[in-house]
Visitor: 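Take a look at the following structure, please.
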Amino acid sequence: MELKLKELKNTEAWEKAGIVLPGYEIEKIRAASKEKPLWVHFGIGNIFRVFLGGIADLLLEQGELDRGITCVETFDYDVVDKIYTPYDNLSLSVILHGDGTQEKKVLGSFAEVISARSEDAESFQRLKEIFALPDLQLVSFTITEKGYALQNADGTFSDIARKDMEEGPENARSAMAIVAAMLLERFREGGQPVALVSMDNCSRNGEKLRESILTVADEWKKRGYVDEKFVAYVSDENRVSFPWTMIDKITPRPSEKIAEELEAAGLQNMKPVITSKRTYIAPFVNAEGPQYLVMEDHFPNGRPAFEKAGVYMTDRETVNKSERMKVTVCLNPIHTALGPYGCILGYDLFSDEMKDEDMLRLARLVGYKEGMEVVPDPGILSPKAFLDECMNERFPNPYLGDTCLRLSTDASQGLGVRFGVTVKAYMEKYGDAKRLMGIPLAIAGWLRYLLGVDDEGNSYQLAPDPMAEEMKERLKGIVIGQPDSFTDQLKWILSNENVFFVNLYDAGIGELIEDIFREEIAGTGAVRKTLQKYLKKSLL
C-alpha cells in the first residue's frame with residue numbers, strides 16, 4: 001500500500017492494517033474547495049495536520065463541512081515537496097494512548113497546497129485569487145511564535161521584515177507581509193470580511209498577529225504602497241477580526257519506530273525526513289489523544305461548526321484565561337523548565353525524565369506551587385484538573401516519544417510568556433518575585449543548557465532557536481569547571497524585557513539566577529548537585 005488517492009480504493013488492505021479511511025469523497029471535497037475556498041491555513045506542519053486537519057476531517061465526516069483546507073507554506077517549502085505532493089496531500093494520523101493502543105486514520109481534509117513565494121508568480125497569483133473570493137471565512141496559523149516576530153531582541157526590525165517594509169506588497173517574503181499583501185488584494189476586490197486566527201502556543205496570540213499585520217500596513221502606508229483606507233480596513237475588527245485562541249496537543253517529532261510499524265503493516269515509504277530547514281516531518285503524524293482548542297467566537301464572515309468537533313467557542317476573556325492557564329502555568333512552563341535540564345542530564349525522552357525525582361520536584365514546584373498561586377481560572381476548564389492530567393497521564397506517556405531536545409526548540413521565544421508572566425504576577429502581588437525558586441532554577445538551567453555540554457562533560461547539539469547564536473555569543477568566555485570565567489555575561493540577557501517581559505533584576509531574582517548558574521558550571525555533576533540544593537530550599 002501507498003498513501004495515495006488511487007490506493008484508498010483497496011479498502012480491505014487498509015482495514016487489515018487497522019487504518020480507518022475517510023468516509024467522504026475526497027475528490028468532490030477538493031473540487032469544491034478549489035472553486036470556493038472557505039478555510040486557508042498558514043504553517044502546514046505536524047500539529048496542523050493532526051489537530052486542525054483532524055477537526056476538518058471530523059466535520060467532513062459529520063457533513064458539517066463541505067470543503068477542506070487550503071494549505072499554505074511560507075517558510076519551509078520542502079514540506080510541500082517531500083510530504084504533501086508525493087502523498088497526494090493525504091496524511092496519516094496516529095494517536096498514541098498511554099496504554100499502548102493506537103488509533104490510525106487517513107486524513108483527506110487538505111484540499112490544495114500552495115508554496116507562497118513572491119518570486120513564484122503563479123503561486124502568488126493563486127493566493128491572491130483565493131483571498132479575493134467572498135466565500136473565504138477564515139485564515140488560520142500555526143507558524144510558531146517566531147513567525148509573528150518582526151523585530152530583533154534589541155527592538156529593531158529583522159532583516160527580512162525591513163526588506164518587506166521597504167520593498168512592498170509585491171515582494172513580500174515573510175508570513176506576516178504575505179498575509180498583509182493578500183489582505184490588500186481582498187480589500188481591492190471589495191473588502192469582504194474575514195477572520196485571521198492564530199492557533200499558536202502563545203498568550204494573546206490574536207493580538208500578536210494583529211499587531212504584526214498592522215505594523216506592516218502602517219510601514220507600507222508610510223512608503224506610499226497603501227493608503228489610509230486599507231489601514232482602516234485591517235484595523236476594523238468587524239471586517240478583519242483576530243480571534244484569540246488556546247490550542248493544546250502534544251505532537252512530538254515523527255517516530256522512526258512508528259514508521260517501521262507502519263511499513264511492517266504494509267504501508268510503503270513511511271520514513272520521516274529532516275528538511276533543509278530542520279523540520280522533522282513524515283507522511284504520518286504521531287500525537288497524544290488529549291487535545292484542547294478554545295476559540296473566541298468572532299468570525300465576521302461566518303465559520304465552520306467548530307463546536308461540533310469539540311472546540312470550545314467562547315469570549316476573549318475566557319480564551320485569555322485558558323491560554324494563560326496552559327502557557328504560563330500548567331503545561332508550557334514545565335516543558336521549558338525540564339526540556340533543557342533533560343538535555344543536560346542525559347535524557348532523550350521526556351517520559352523518562354519524568355521518572356527522575358529531582359525533575360518531578362522541579363515540575364511540581366513550577367506548576368503546583370508557584371504557578372497555581374497566580375493562575376487564572378477560565379471556568380470552562382479546571383486548572384488543577386488540567387495540570388493533574390498533564391503530570392499524571394500526558395507527560396509520562398511512554399509511547400508518545402516526545403524528546404527533551406524538542407521541548408528546548410525555540411525556547412528563547414517563549415520565556416516571557418512561560419516565565420515572565422508569572423514573575424510579573426508575583427511582582428504585582430508581593431512587590432517582587434523573591435518567593436520564586438522553580439522559575440529561577442528553570443531560567444538558570446536554560447542558560448546552562450546553551451553551553452552545549454552535559455553534566456558529565458559531553459557535548460550535545462542545541463535545538464533550533466532563532467536566538468541561539470546571539471545567546472552563545474553573550475555567554476562567550478564562560479568555561480565549565482571554571483566558575484571564575486563567569487563575570488557579567490548574563491546581565492544583558494536577564495535584564496532584557498524583550499526576552500522575559502520584565503527586567504529580572506528589578507523583580508529581585510536576577511542575582512539568584514546568577515548564583516544558580518555559577519554553581520551549575522562548577523564542573524562534572526554540578527548541575528545535579530545544584531538542583532538538589534535549591535529544590536531542598538523550596539521545601540517541596
Visitor: Quick one: do the Glu519 and Tyr534 side chains pair a donor with an acceptor below 3.5 Å?
Guide: yes
Visitor: side-chain contact (heavy atoms from CB on, under 4.5 Å) for Thr314 and Met295? Distances and angles first, verdict last.
Guide: CA-CA 6 Å; Thr314 183; Met295 194 179 299; over 6 Å; no
Visitor: Between Thr251 and Asn46, is any side-chain donor less than 3.5 angstrom from a side-chain acceptor?
Guide: no
Visitor: Quiz question: by atom type and distance under 3.5 Å, do the side chains of Thr245 and Asn205 form a donor-acceptor pair?
Guide: yes
Visitor: For a 4.5 angstrom cut-off between non-hydrogen side-chain atoms, does Met437 reach Leu365?
Guide: yes
Visitor: Please report the closest heavy-atom contact between Ser408 and Pro340, naming both atoms and the distance.
Guide: OG-N, 3.3 Å
Visitor: How long is the gap from CZ on Phe141 to CD1 on Ile44, to the nearest 0.5 Å?
Guide: 13.5 Å
Visitor: Do Leu338 and Tyr341 make a side-chain contact, defined as non-hydrogen atoms from C-beta onward lying under 4.5 Å apart?
Guide: no
Visitor: Okay, side chain of Trp220, backbone of Asp164: is any donor-acceptor separation there less than 3.5 Å?
Guide: yes
Visitor: Do Tyr460 side-chain atoms and Tyr449 backbone N/O form a donor-acceptor pair below 3.5 Å?
Guide: yes
Visitor: Step through the shown structure and confirm whether more than 12 heavy atoms of other residues, nucleotides or ligands are within 6.0 Å of NZ on Lys491.
Guide: yes
Visitor: Mind checking whether Phe306 and Trp39 have parallel, tilted or perpendicular rings, split at 30° and 60°?
Guide: perpendicular
Visitor: What is the distance from atom CG of Leu405 to atom CG of Leu349, rounded to the nearest 0.5 Å?
Guide: 11.5 Å
Visitor: What's the spacing between Glu393 CD and Asp388 CG if we round to 0.5 Å?
Guide: 9.0 Å
Visitor: Closest heavy-atom contact between Ala177 and Val216?
Guide: CA-CG1, 4.2 Å
Visitor: A side-chain contact here means heavy atoms from C-beta on lying under 4.5 Å apart; do Leu400 and Arg394 qualify?
Guide: no
Visitor: Could you tell me whether the side chain of Glu353 and the main chain of Gly342 form a donor-acceptor pair under 3.5 Å?
Guide: yes
Visitor: Would one find more than 12 heavy atoms of other residues, nucleotides or ligands at under 6.0 Å from atom NZ of Lys429?
Guide: yes
Visitor: Check whether Lys249 reaches the backbone of Glu288 with its side chain - one donor and one acceptor, N or O, closer than 3.5 Å.
Guide: yes
Visitor: Do Phe486 and Glu514 come within less than 4.5 Å of each other through their side chains, counting heavy atoms only?
Guide: yes
Visitor: I need the minimum non-hydrogen distance between Val417 and Thr328, along with the two atoms involved.
Guide: O-CG2, 3.2 Å
Visitor: Would you tell me whether Tyr426 and Asp432 have side-chain atoms, one donor and one acceptor, within less than 3.5 Å of each other?
Guide: no
Visitor: Is it true that the side chains of Gln489 and Thr487 contain a donor and an acceptor less than 3.5 Å apart?
Guide: yes
Visitor: Which residue is it: Arg418, Gln413, Lys326? I am looking for the one with a side-chain hydrogen bond (donor to acceptor under 3.5 Å, both in side chains) to Asn201.
Guide: Lys326
Visitor: Under 3.5 Å, is there a donor-acceptor pair between the side chain of Ser212 and the main chain of Lys208?
Guide: yes
Visitor: Is any side-chain heavy atom of Thr74 closer than 4.5 Å to a side-chain heavy atom of Phe42?
Guide: yes
Visitor: Counting distance only, does the side-chain N/O of His41 pair as donor-acceptor with the main-chain N or O of Thr142 below 3.5 Å?
Guide: yes
Visitor: Checking Tyr368 against Glu373 for the side-chain hydrogen bond (donor to acceptor under 3.5 Å, both in side chains) test, could you report, in this order, the C-alpha distance in whole Å, the side-chain angles of both residues, the deciding distance, and whether it holds?
Guide: CA-CA 8 Å; Tyr368 287 108; Glu373 185 170 332; over 6 Å; no
Visitor: So, for Val234 and Phe242, which heavy atoms are closest and what is the spacing to 0.1 Å?
Guide: O-CE1, 3.8 Å
Visitor: Quick test of your reading of the model: are Lys163 and Glu166 salt-bridged, counting only N-O distances below 4.0 Å?
Guide: no
Visitor: Is Arg303 paired with Asp297 through a side-chain N to carboxylate O contact shorter than 4.0 Å?
Guide: yes
Visitor: Do the non-hydrogen side-chain atoms of Leu387 and Leu331 ever get within less than 4.5 Å of each other?
Guide: no
Visitor: Which atom pair, heavy atoms only, marks the closest approach of Phe75 to Glu73?
Guide: N-OE2, 3.1 Å
Visitor: Looking at Lys529, I'd like to know if its NZ atom is crowded, meaning that more than 12 non-hydrogen atoms belonging to other residues, nucleotides or ligands lie closer than 6.0 Å.
Guide: no
Visitor: Between Glu357 and Arg528, does at least one N-O distance fall below 4.0 Å, as a salt bridge requires?
Guide: no
Visitor: Should Thr279 and Asp76 be marked as a side-chain hydrogen bond (donor to acceptor under 3.5 Å, both in side chains) after you check the CA-CA gap, both sets of side-chain angles, and the distance that decides it?
Guide: CA-CA 8 Å; Thr279 300; Asp76 192 341; 2.6 Å; yes
Visitor: Would you mind checking if Arg316 and Glu296 are paired as a salt bridge, meaning a charged N to carboxylate O distance below 4.0 Å?
Guide: yes
Visitor: How long is the span from the CG atom in Asn397 to the CG atom in Leu96, to the nearest 0.5 Å?
Guide: 7.0 Å
Visitor: Do you know which of Asp402, Thr403, Thr409 makes side-chain hydrogen bond (donor to acceptor under 3.5 Å, both in side chains) with Arg406?
Guide: Asp402
Visitor: Return yes if some donor-acceptor pair links the side-chain N/O of Arg210 with the main-chain N/O of Ser235 below 3.5 Å, else return no.
Guide: yes
Visitor: What pair of heavy atoms forms the shortest contact from Ile334 to Cys330, and how long is it?
Guide: CD1-O, 3.6 Å
Visitor: Ion pair present between Lys472 and Glu469, side-chain N to carboxylate O less than 4.0 angstrom?
Guide: yes
Visitor: I'd like to know if the side chain of Ser158 reaches the main chain of Gln151, judged simply by a donor and an acceptor atom lying under 3.5 Å from each other, with no hydrogens or angles considered.
Guide: no
Visitor: Between Asp227 and Phe230 (side chain of the first, backbone of the second, donor and acceptor by atom type, cut-off under 3.5 Å), is there such a pair?
Guide: yes
Visitor: Return the OH to SG distance between Tyr347 and Cys404, rounded to the nearest 0.5 Å.
Guide: 9.0 Å
Visitor: Could you tell me if the side chain of Val197 sits less than 4.5 Å from the side chain of Val139, heavy atoms only?
Guide: no
Visitor: Side chains of Lys229 and Phe187: closer than 4.5 Å at any heavy-atom pair?
Guide: yes
Visitor: Are Phe419 and Phe501 an aromatic pair by the rule of ring centers under 6.0 Å?
Guide: no
Visitor: For Phe500, what residues pass the ring-ring contact (aromatic ring centres under 6.0 Å, His included) criterion, not counting sequence neighbours?
Guide: none
Visitor: Would one find more than 12 heavy atoms of other residues, nucleotides or ligands at under 6.0 Å from atom CD of Gln461?
Guide: no
Visitor: Taking the six-membered ring for Trp, are the ring centroids of Phe395 and His335 within less than 6.0 Å of each other?
Guide: yes
Visitor: Drop me the distance from Asp506's CG to Leu494's CG, to the nearest 0.5 angstrom.
Guide: 11.5 Å
Visitor: When you look at CD of Glu317, are more than 12 heavy atoms from neighbouring residues, nucleotides or ligands closer to it than 6.0 Å?
Guide: no
Visitor: So Lys222 and Asp218, salt bridge (charged side-chain N to carboxylate O under 4.0 Å, His left out) or not? Walk me through it.
Guide: CA-CA 6 Å; Lys222 291 176 185 176; Asp218 285 336; over 6 Å; no
Visitor: Does a donor on one side chain sit under 3.5 Å from an acceptor on the other, for Trp446 and Thr336?
Guide: no
Visitor: Does any N or O in the side chain of Asp248 come within less than 3.5 Å of the main-chain N or O of Tyr292, such that one atom is a donor and the other an acceptor?
Guide: no
